[in-house]
Each structure stands twice: as C-alpha cells, then as structure tokens.
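These notes concern the structure reproduced below.
So that the names make sense, note that chain A is the first sequence line, chain B the second, and so on, each numbered from 1.
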Amino acid sequence: MSALGIGFAAMNYWLMKSEPTTFSVDALAASPKQTTAWDGVRNFQARNMLRDEVKKGDLVFLYHSSCEVPGVVGVMEVVREGYPDATQFDPKDDHYDPDSRREDPRWYCVDVQLKRKFKRIITLEELRAHRRLANLKLLQRGNRLSVMPVTKTEWDYVLSLE
DNA sequence: GCCAACGTTGGC
DNA sequence: GCCAACGTTGGC
C-alpha cells in the first residue's frame with residue numbers, strides 16, 4: 001500500500017511452454033490483438049497456478065519445447081485471469097475431458113497477449129550454461145510442468161541475455 | 001526413436 | 001491406501 005493508499009499487488013513472473021508446431025510465438029503474433037487463451041493445460045499443479053496464482057498484469061516467458069531449438073522466444077502479458085477452459089467441454093477437441101462438469105470445471109486457462117518477440121531465441125542450452133539460473137524451475141531435473149513461476153531475479157537475468 | 005522422469009489410473 | 005502398469009513430456 002502506498003502513502004496515497006492506493007492498493008499495489010506485486011507482479012509475478014511465469015514461464016509457459018508451447019510446442020511451436022502446435023502454437024508458436026509467430027502464431028501468437030498473428031492472432032487477433034496478439035492475444036490467445038492459454039488453454040489445453042491438463043496437469044493439476046499447472047491448473048492450480050492458472051486458476052489461483054496467475055494474475056492480470058503478470059509477465060510470462062513464452063518457451064518453445066519439443067523442437068529443434070528449445071528456448072525462450074518472447075514475453076507475454078496476462079490480460080485475463082483464470083477462467084474455465086472451454087476445450088474441456090468440446091468433444092471434438094483434443095483436450096476434451098468427459099469427466100469435467102460445467103458446474104464444476106476441472107480445467108482453467110488465462111488469456112495472454114504478446115508483448116515482445118525476442119530478436120533471437122534464448123536457448124535452453126544457453127540457460128543451462130548460466131550458474132545464476134541454476135535454480136530456474138525449467139532446468140530442474142524431471143520438471144515437466146508447462147506453467148511455472150520465475151523469480152524476478154531470474155526474469156531480469158534471462159532478459160539481460162537477449 | 002529412445003528413454004528418464006513423473007503423473008494418473010485402477011486393481012486389490 | 002498401496003503400488004504396478006500405463007501414459008505423457010520433452011531433451012537428446
């Protein structure tokens with residue numbers, strides 16, 4: 001709370017993974033308002049973050065996974081907080097979940113908008129080479145979450161690599 | 001395509 | 001509640 005009594009919530013930072021063959025930074029750049037629903041997440045831990053912790057105004061690294069050069073490719077901003085992921089109710093969608101009820105949705109998504117595409121990919125290989133990033137969740141052994149928190153220190157350091 | 005790591009499922 | 005089997009992720 002500031003001296004003027006204006007509420008102030010600390011911004012949080014995140015990293016979200018996408019396979020570029022499914023959805024890439026260029027696809028996001030070409031989307032209306034450069035905005036998309038970050039849907040299709042089907043992991044409970046990641047779901048909890050999307051539903052409860054990811055807030056409007058938070059900044060997000062977009063990470064390309066399962067591709068020739070995995071790495072961070074740009075920055076997105078959360079423009080809408082957690083709401084039920086519509087794909088869970090669509091039988092034709094790959095992410096359809098017949099066990100989810102509309103009155104008690106199992107899966108959530110947020111909306112993100114592209115802020116900036118990096119001039120170059122900050123590669124996974126490069127991230128691994130920096131000791132200052134040793135605690136980055138992305139680099140932890142066995143971590144497969146598609147949504148994960150990034151500390152402000154890590155955020156600033158990764159940005160400085162561009 | 002391989003495989004390590006981890007999450008989920010389901011029989012008991 | 002245990003735990004084996006199975007499925008998925010994702011780097012290599």
Out of B:dT8, C:dG10, C:dC12, whichever nucleotide has its closest atom nearest the side chain of A:Phe44: B:dT8
Round to the nearest Å and state the distance from A:His95 atom NE2 to C:dT8 atom P. 12 Å
Is any side-chain nitrogen or oxygen of A:Lys17 closer than 4.0 Å to OP1 or OP2 of C:dT9? no
For C:dG11, does OP1 or OP2 lie under 4.0 Å from any side-chain N or O of A:Tyr63? yes
Which class fits the ring pair A:Phe61 and A:Trp155: parallel under 30°, tilted 30 to 60°, perpendicular over 60°? parallel
Within the 6.0 Å centroid threshold, strictly below: A:Tyr63 and A:Trp14: no
Can you tell me how far C1' of C:dT8 sits from CZ of A:Arg47, to the nearest Å? 18 Å
Donor-acceptor pair, A:Gln140 side chain versus A:Leu136 backbone, under 3.5 Å? yes
Quick one: does A:Arg106's side chain get under 4.5 Å of A:Asp99's, heavy atoms only? yes
Could you check how far CD of A:Gln140 sits from C1' of B:dC6, rounded to whole Å? 15 Å
How close or far is atom P of C:dT9 from atom CG of A:Asp94, stated in whole angstroms? 11 Å
Output the single nucleotide from B:dC6, C:dG10, C:dG11 whose closest atom is nearest the side chain of A:Leu124. C:dG11
Calculate the interatomic distance between A:Leu15 atom CG and C:dG10 atom C1'; express it in whole Å. 14 Å
For atom CG of A:Leu139 and atom P of C:dC12, their distance in whole Å: 10 Å
Please give, in whole Å, the distance from B:dT9 C1' to A:Asp97 CG? 14 Å
Please confirm whether any donor atom in the side chain of A:Arg42 sits under 3.5 Å from an acceptor in the base of C:dT8, or the reverse. no
Rounded to whole angstroms, how far apart are CG on A:Asp99 and P on B:dG10? 9 Å
